[in-house]
Each structure stands twice: as C-alpha cells, then as structure tokens.
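Below: one structure, written as structure tokens.
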Amino acid sequence: VGQGALASGLRGFVGERAAAKPRFARQLAVNARAQAPPLNWRGQIDTFRGVYRERRDAMLAALDDYLPDLSWTVPTGGFYVWVTLPENLDSKAMLPRAVKELVAYTPGTAFYADGGGRTNLRLAFCYPTPEFIREGIRRLSTVVNGELELLSTFGQTGSLPVQRVDPTYIAPPANLS
C-alpha cells in the first residue's frame with residue numbers, strides 16, 4: 001500500500017471517528033498543539049504594538065500638518081484619536097460631506113446619550129496604512145476647512161426653527177387660498 005492510499009485511508013478513519021466522537025477530535029487538536037513549536041505571543045504583542053504605534057504617530061503627524069488649529073487626544077492605548085472641532089462646527093452634519101470626499105469618522109454624538117459631542121469626532125487608526133491615514137486626514141482637512149470657509153463667508157445659520165402645527169387647523173384646498 002502506497003503512502004497516499006494509507007494517508008487517505010487514515011484521513012477517512014480519523015474523520016469518521018472525529019464525527020462520531022467529538023472528544024476524539026479535541027484530543028487530536030490538543031495533541032497537535034502540544035507537538036507544535038511554542039508560540040511567541042510576547043513577540044506578537046510587540047509586533048502589533050509597533051504597527052499600531054506607527055499608525056497612531058502617522059495620524060498625529062497628519063493632524064498636526066493638515067489641521068493644526070484643532071485639538072486631539074494622544075492615545076497611549078486603544079485604536080482611536082478623539083478630535084475636537086471649533087465650536088461652530090457639527091461633526092454629524094459634516095459627515096455626508098466627508099463621505100463624499102471618501103473619508104469617514106464617527107461623530108461624537110454617537111458617544112453621548114444627552115446629545116453632546118457635536119464638536120467631537122473619533123478617528124480610527126488601527127486598520128489603514130500610514131499612507132492611507134495621511135491621505136484620509138488630508139481629505140478630512142478639505143472638509144473641515146471648507147466648512148470653516150462657508151461659515152466665515154455666510155455666518156452661522158444654526159438650525160431652522162421648529163414650526164408647530166395646530167392639529168385642529170384644517171388647511172383650505174390649494175385652489176381656494
């Protein structure tokens with residue numbers, strides 16, 4: 001019997017045993033892990049910390065280059081930078097324009113139950129490469145600076161007043177008014 005025939009026969013036997021007895025499959029998995037070389041989990045953690053530090057630093061440098069008038073946190077852990085916009089900007093209202101520029105963030109209002117956080121936004125740096133982070137901050141700066149330019153040109157418009165409708169009022173047909 002050749003090795004291929006023996007291996008395929010053994011696979012069939014192991015597969016049948018594992019399907020019939022889940023404990024057997026667990027024992028095989030534990031045995032395989034015990035025979036593998038030891039994991040260097042500390043080395044993996046150090047590698048990931050280096051990757052995330054590089055990405056965090058890229059975001060902080062890009063913010064400093066493109067949006068120096070804003071303020072932000074310098075995280076010592078986690079994957080996000082918390083940015084504070086000028087008082088007259090609204091991060092939630094600005095989001096559609098940011099998405100149009102192919103950049104996204106989480107508006108600060110998502111983190112407040114009382115409606116606060118209007119001038120805050122959360123930026124993630126864990127997934128994109130440093131080059132994409134820099135480009136994303138550049139695009140975000142065009143949105144923020146565009147909003148500030150509109151406000152300086154036209155002034156703060158604020159929210160439209162809510163008009164209350166009297167439920168007892170019946171409007172006349174359009175052709176009679």
Side-chain angles (χ1 to χ4, degrees), residues 22-23 25-162:
R23 193 175 105 200
R26 281 194 305 272
Q27 287 172 344
L28 283 175
V30 169
N31 188 31
R33 179 65 216 128
Q35 292 178 12
L39 291 175
N40 180 6
W41 60 272
R42 289 186 192 271
Q44 286 180 320
I45 289 173
D46 289 341
T47 298
F48 289 133
R49 288 178 73 194
V51 167
Y52 295 137
R53 183 180 306 109
E54 178 187 25
R55 292 175 181 186
R56 179 208 58 194
D57 292 349
M59 180 169 283
L60 297 175
L63 285 167
D64 199 40
D65 290 345
Y66 291 112
L67 292 164
D69 296 331
L70 302 186
S71 62
W72 53 84
T73 61
V74 178
T76 57
F79 302 115
Y80 307 101
V81 173
W82 187 254
V83 177
T84 302
L85 299 169
E87 190 59 38
N88 53 350
L89 293 186
D90 184 330
S91 63
K92 190 173 180 181
M94 211 170 58
L95 185 58
R97 289 181 280 285
V99 170
K100 186 176 180 225
E101 291 294 323
L102 303 178
V103 65
Y105 56 83
T106 306
T109 54
F111 304 98
Y112 288 82
D114 65 356
R118 184 183 60 77
T119 62
N120 300 110
L121 49 99
R122 186 180 79 165
L123 302 175
F125 59 80
C126 61
Y127 179 73
T129 63
E131 296 78 23
F132 280 115
I133 289 170
R134 186 165 183 80
E135 177 61 18
I137 298 299
R138 186 196 64 75
R139 291 176 184 195
L140 179 63
S141 74
T142 63
V143 174
V144 170
N145 292 328
E147 290 294 303
L148 290 171
E149 187 177 324
L150 281 172
L151 288 173
S152 72
T153 302
F154 297 107
Q156 182 70 31
T157 59
S159 301
L160 294 174
V162 176

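These values consider heavy atoms only, across backbone and side chains, with no hydrogens, waters or symmetry-generated copies. Start at 1 with the first residue, then count along the sequence.
- Residues passing the side-chain contact (heavy atoms from CB on, under 4.5 Å) test with L102, sequence neighbours excluded: R139.
- Side-chain atoms of T73 come within 3.5 Å of backbone atoms of W82 as a donor-acceptor pair (strictly under, hydrogens ignored).
- For residues 77-96, the pairs satisfying salt bridge (Lys or Arg N to Asp or Glu O under 4.0 Å) are E87-R118, with sequence neighbours left out.
- Counting only residues at least two apart or on different chains, the salt bridge (Lys or Arg N to Asp or Glu O under 4.0 Å) pairs with a member in residues 54-77 are D65-R134.
- The salt bridge (Lys or Arg N to Asp or Glu O under 4.0 Å) check on R53 picks up nothing, with sequence neighbours excluded.
- Note that CD1 of I45 is 10.0 Å distant from OG1 of T47, once rounded to the nearest 0.5 Å.
- Residues L151 and L89 meet the side-chain proximity criterion, which asks for heavy atoms closer than 4.5 Å.
- Judged by distance alone, the side chain of Y105 and the main-chain N or O of A98 form no donor-acceptor pair under 3.5 Å.
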Next item on the list: Take I133 and L123, measure what side chain to side chain contact (heavy atoms under 4.5 Å, CB included) needs, and give me the verdict at the end.
Entry: CA-CA 10 Å; I133 289 170; L123 302 175; over 6 Å; no
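- In this structure the side chain of L63 never reaches within 4.5 angstrom of the side chain of L70, judged on heavy atoms.
- Of all heavy-atom pairs between P107 and L95, the closest is CG-CD2, 3.9 Å.
- The two residues F125 and P75 have their closest heavy-atom pair at CE2-CG, 3.9 Å.
- For CZ of F111, the number of neighbouring non-hydrogen atoms (other residues, nucleotides, ligands) closer than 6.0 Å is greater than 12.
- Aromatic ring pairs are classed by plane angle as parallel below 30°, tilted from 30° to 60° and perpendicular above 60°; the pair F79 and Y52 is perpendicular.
- If you take CD1 on I137 and CZ on F132, they are separated by 14.0 Å, rounding to the nearest 0.5 Å.
- In terms of heavy atoms, G117 sits closest to S91 at O-OG, 3.8 Å.
- The shortest side-chain heavy-atom distance between L148 and N88 falls under the 4.5 Å cut-off.
- T84 pairs by the side-chain contact (heavy atoms from CB on, under 4.5 Å) definition with S71, T119, N120, not counting sequence neighbours.
- Between D114 atom CG and T109 atom OG1 the span is 11.0 Å, to the nearest 0.5 Å.
- Residue pairs satisfying the salt bridge (Lys or Arg N to Asp or Glu O under 4.0 Å) criterion with at least one member in residues 97-110, sequence neighbours excluded, are listed as follows: R97-E147.
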